[in-house]
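What follows is a set of notes on a single structure, which appears directly below.
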Amino acid sequence: MNREEGKIEQTAYEQEFVKNMVAKYLNISIKDAEESLKDGVILCQLLNEMKKNAVRKIMMPQGEEKLSTMKSTVNLNSFLRFVQINIGKDNCCSISDIQQGELSAIHDTLKRLGEKFPYQSDA
């Protein structure tokens, strides 16, 4: 396998990991992990499933409208603040990683969060 094939395989693994984590914690399905995470809604909801009230206020879109950049930034900052406090700034992706869909950095952050706050089934 050449370097480019390895990168494609790694990206596919990271995409699947994020999709599975969202499905497990939130019981929803997402098509495109990078695009689905950009407004911070799913990331904040994920935190609240991992730790009750981790994010007290999540900015939600109204109807079919996308969130404004300002509201998305509020969500992303809430997510990142919690992550930095709980797993450390050095182990955290950045706001630009999320906005640009840098799945590798997002994957690493979510993986560390999952280790710190393991999934607890209600059943």
Side-chain angles (χ1 to χ4, degrees):
M1 176 178 350
N2 68 32
R3 190 177 199 157
E4 188 62 31
E5 289 170 334
K7 184 170 173 60
I8 291 169
E9 190 174 297
Q10 179 67 21
T11 301
Y13 165 78
E14 291 162 346
Q15 175 88 249
E16 204 56 35
F17 176 90
V18 172
K19 286 180 180 181
N20 289 337
M21 188 172 201
V22 169
K24 179 169 66 172
Y25 280 90
L26 301 178
N27 201 26
I28 61 171
S29 175
I30 57 174
K31 285 186 177 183
D32 180 359
E34 296 99 324
E35 198 58 41
S36 299
L37 303 177
K38 285 183 179 180
D39 66 6
V41 172
I42 289 176
L43 292 170
C44 289
Q45 290 173 333
L46 202 55
L47 286 182
N48 283 343
E49 286 298 314
M50 292 177 166
K51 185 169 184 343
K52 188 173 173 84
N53 294 319
V55 178
R56 295 197 184 271
K57 181 167 174 71
I58 302 172
M59 301 293 177
M60 300 295 286
Q62 301 299 314
E64 295 295 313
E65 282 187 38
K66 289 177 71 171
L67 275 184
S68 68
T69 301
M70 186 179 79
K71 288 182 178 180
S72 295
T73 302
V74 169
N75 285 343
L76 294 175
N77 282 329
S78 295
F79 170 78
L80 293 171
R81 189 172 333 137
F82 178 88
V83 172
Q84 289 171 357
I85 290 168
N86 285 278
I87 64 171
K89 193 171 186 168
D90 294 340
N91 296 316
C92 183
C93 59
S94 69
I95 197 166
S96 64
D97 289 335
I98 299 167
Q99 291 170 331
Q100 295 172 12
E102 292 294 331
L103 202 53
S104 182
I106 299 166
H107 163 268
D108 292 347
T109 298
L110 292 178
K111 187 173 180 193
R112 287 185 181 98
L113 276 172
E115 292 166 355
K116 173 125 181 166
F117 301 102
Y119 178 70
Q120 306 267 325
S121 173
D122 290 340

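The analysis underlying the following values was restricted to heavy atoms, covering all of them including side chains, and did not include hydrogens, waters or symmetry mates. Residues: numbered from 1 along the sequence shown. All figures in this text were calculated on a predicted structure; none of them were measured in a lab.
- In this structure, S78 and I58 have side chains that are not in contact, with every pair of non-hydrogen atoms separated by 4.5 Å or more.
- Considering all non-hydrogen atoms of both residues, L76 and G40 come closest at CD2-CA, 3.5 Å.
- Following chains of ILVMFWY side-chain contacts shorter than 4.5 Å, one can reach M60 starting from F82, so the two form part of one hydrophobic cluster.
- At least one side-chain heavy atom of N86 sits under 4.5 Å from a side-chain heavy atom of F117.
- When all heavy atoms of A54 and N48 are compared, the closest pair comes out as N-OD1, 3.0 Å.
- Residue pairs meeting the side chain to side chain donor-acceptor pair (under 3.5 Å) criterion with at least one partner in residues 13-33, sequence neighbours excluded, are Q10-E14, E14-S104, Q15-E34.
- Between L110 and V22, the closest side-chain pair of non-hydrogen atoms is not below 4.5 Å.
- For the residue pair S94/D97, the side-chain donor-acceptor check at 3.5 Å is satisfied.
- Heavy atoms only, all atoms of each residue included: T109 and C93 are closest at OG1-N, 2.8 Å.
- Both L26 and M21 are members of a single hydrophobic cluster when ILVMFWY side chains are connected at heavy-atom separations under 4.5 Å.
- Interatomic distance, N75 CG to C44 SG, rounded to the nearest 0.5 Å: 4.5 Å.
- Side-chain atoms of F79 and V55, non-hydrogen and from C-beta on, never get closer than 4.5 Å to each other.
- Within the structure, no pair that satisfies the salt bridge (Lys or Arg N to Asp or Glu O under 4.0 Å) test touches residues 101-120, not counting sequence neighbours.
- The cluster map of Ile, Leu, Val, Met, Phe, Trp and Tyr, joined by side-chain heavy atoms under 4.5 Å apart, puts M50 and I28 in the same cluster.
- For the side chain to side chain donor-acceptor pair (under 3.5 Å) condition, no pair includes a residue of residues 56-71, sequence neighbours left out.
- Within the 4.5 Å cutoff, the side chain of I42 has heavy atoms near those of the I30 side chain.
- Atom CD of residue Q84 and atom CG of residue N91 lie 10.5 Å apart, to the nearest 0.5 angstrom.
- Taking the side chain as every heavy atom from C-beta outward, V18 and L37 approach each other to under 4.5 Å.
- In this structure, CD1 on I98 lies 11.0 Å from CG on L103, to the nearest 0.5 angstrom.
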Take I95 and L80 through the side chain to side chain contact (heavy atoms under 4.5 Å, CB included) test and state the conclusion after the steps. CA-CA 8 Å; I95 197 166; L80 293 171; 3.7 Å; yes
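- For the pair T73 and Q99, the minimum side-chain heavy-atom distance is below 4.5 Å.
- Both I106 and Y119 are members of a single hydrophobic cluster when ILVMFWY side chains are connected at heavy-atom separations under 4.5 Å.
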